**Student:** 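Let me begin by handing over the structure; questions about it come next.
Note that the coordinates shown come from a computational prediction; the quantities given were computed from them, not determined experimentally.
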Amino acid sequence: TKDMFDDDATYPYLTNGTWLQSDVAPDFAEDLGMLDANAALGDFIDFTVASLPDANALVMTDMRTEGNSDPEDFAFSDWPIPVDLSFTNQDYMTAALGDMPVGDLNWFPEKKAMWCRDAEYAANETALN
């Protein structure tokens, strides 16, 4: 990723600000254990199995593998996954450009609405269109 930020010829509108180093978790509202390396995959598998009708539970052994001979047997969990990745960590809440939260502003609708009205957004739209 650093190479992309350093390559102004290819990515002229990709900029970065001050590096944010934090050993503190973002304090997500509901991450379903995704930050726990031991729990994340297990939680996802449990969620996926729970999303399937009972008759399809046997499909899981071949889910998305080359050995699955019937494409209609693929199991796709509900989407979007019911996580809430809004966060309360104050360092992250104002660390992006314009004192906005870091990451996906869709988790912060009020902040996204503010950003969509500001000069940075307008400049980005002009540059990219």
Side-chain angles (χ1 to χ4, degrees):
T1 304
K2 183 179 181 318
D3 290 341
M4 292 172 62
F5 283 100
D6 292 342
D7 185 355
D8 290 335
T10 306
Y11 307 101
Y13 304 111
L14 186 61
T15 61
N16 64 305
T18 304
W19 178 255
L20 180 65
Q21 181 69 39
S22 178
D23 295 330
V24 179
D27 300 325
F28 290 124
E30 177 52 73
D31 66 13
L32 293 180
M34 290 190 310
L35 295 180
D36 181 344
N38 297 315
L41 183 57
D43 287 351
F44 180 73
I45 291 171
D46 291 346
F47 172 78
T48 302
V49 171
S51 299
L52 292 170
D54 290 339
N56 289 340
L58 295 176
V59 171
M60 295 301 292
T61 57
D62 291 325
M63 185 174 90
R64 299 182 186 171
T65 65
E66 292 178 19
N68 189 336
S69 59
D70 187 352
E72 293 187 25
D73 285 340
F74 287 155
F76 298 98
S77 64
D78 292 341
W79 192 261
I81 298 171
V83 296
D84 179 353
L85 298 181
S86 62
F87 50 81
T88 58
N89 180 304
Q90 289 304 304
D91 289 338
Y92 298 158
M93 288 298 292
T94 58
L97 294 174
D99 290 331
M100 292 289 178
V102 171
D104 187 348
L105 288 179
N106 288 312
W107 296 110
F108 303 95
E110 307 82 27
K111 296 288 187 178
K112 182 179 179 182
M114 290 171 52
W115 182 74
C116 287
R117 292 189 303 266
D118 78 4
E120 178 192 352
Y121 180 86
N124 290 341
E125 282 292 301
T126 300
L128 295 173
N129 291 319

**Student:** Using a 4.5 Å cut-off between side-chain heavy atoms of Ile, Leu, Val, Met, Phe, Trp and Tyr, which other residues end up in the same hydrophobic cluster as Leu14?
**Tutor:**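 Besides Leu14, the hydrophobic cluster comprises Met4, Phe5, Tyr11, listed by chain and residue number.
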
**Student:** Apply side chain to side chain contact (heavy atoms under 4.5 Å, CB included) to Asp3 and list each qualifying residue two or more places apart in sequence or on a separate chain.
**Tutor:**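 Partners of Asp3 under the side chain to side chain contact (heavy atoms under 4.5 Å, CB included) test: none.
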
**Student:** To the nearest 0.5 Å, tell me how far Thr126 OG1 sits from Leu128 CG.
**Tutor:**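 Thr126 atom OG1 to Leu128 atom CG measures 9.0 Å (nearest 0.5 Å).
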
**Student:** Taking only residues two or more places apart in sequence, or in another chain, which ones meet Asp84 in a salt bridge (charged side-chain N to carboxylate O under 4.0 Å, His left out)?
**Tutor:**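 Testing Asp84 for salt bridge (charged side-chain N to carboxylate O under 4.0 Å, His left out), a comparison that skips the adjacent residues, returns none.
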
**Student:** Can you list every side-chain hydrogen bond (donor to acceptor under 3.5 Å, both in side chains) pair that touches residues 93-106, not counting sequence neighbours?
**Tutor:**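 Output for this query lists Asp104-Asn106, Asn106-Lys112.
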
**Student:** Of all residues at least two apart in sequence or in a different chain, which pass the side-chain hydrogen bond (donor to acceptor under 3.5 Å, both in side chains) check with Thr10?
**Tutor:**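 Listed in chain order: Asp7.
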
**Student:** List the atom of Pro101, the atom of Ala96, and the distance in Å for their closest heavy-atom pair.
**Tutor:**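 Pro101 and Ala96 have their closest heavy atoms at O-CB, 3.5 Å.
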
**Student:** Which value, rounded to the nearest 0.5 Å, describes the distance between Met100 atom CE and Met114 atom CE?
**Tutor:**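 Answer rounded to 0.5 Å: 4.5 Å.
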
**Student:** Going from CD on Gln90 to OG1 on Thr88, what distance comes out if it is rounded to the nearest 0.5 angstrom?
**Tutor:**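 The OG1 atom of Thr88 is 7.0 Å from CD of Gln90, to the nearest 0.5 Å.
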
**Student:** Please identify each residue that fulfils side-chain hydrogen bond (donor to acceptor under 3.5 Å, both in side chains) with Glu125, with sequence neighbours left out.
**Tutor:**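 Counting only residues at least two positions away or on another chain, Glu125 forms a side-chain hydrogen bond (donor to acceptor under 3.5 Å, both in side chains) with Asn129.
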
**Student:** Tell me every residue that passes side chain to side chain contact (heavy atoms under 4.5 Å, CB included) with Ala122, counting only those two or more places apart in sequence or in another chain.
**Tutor:**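 Applying side chain to side chain contact (heavy atoms under 4.5 Å, CB included) to Ala122 gives none.
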
**Student:** Under the side chain to side chain contact (heavy atoms under 4.5 Å, CB included) test, which residues partner Leu85, sequence neighbours left out?
**Tutor:**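 With sequence neighbours excluded, Leu85 shows a side chain to side chain contact (heavy atoms under 4.5 Å, CB included) to Phe28, Asp31, Met34, Val83, Trp107, given in chain and number order.
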
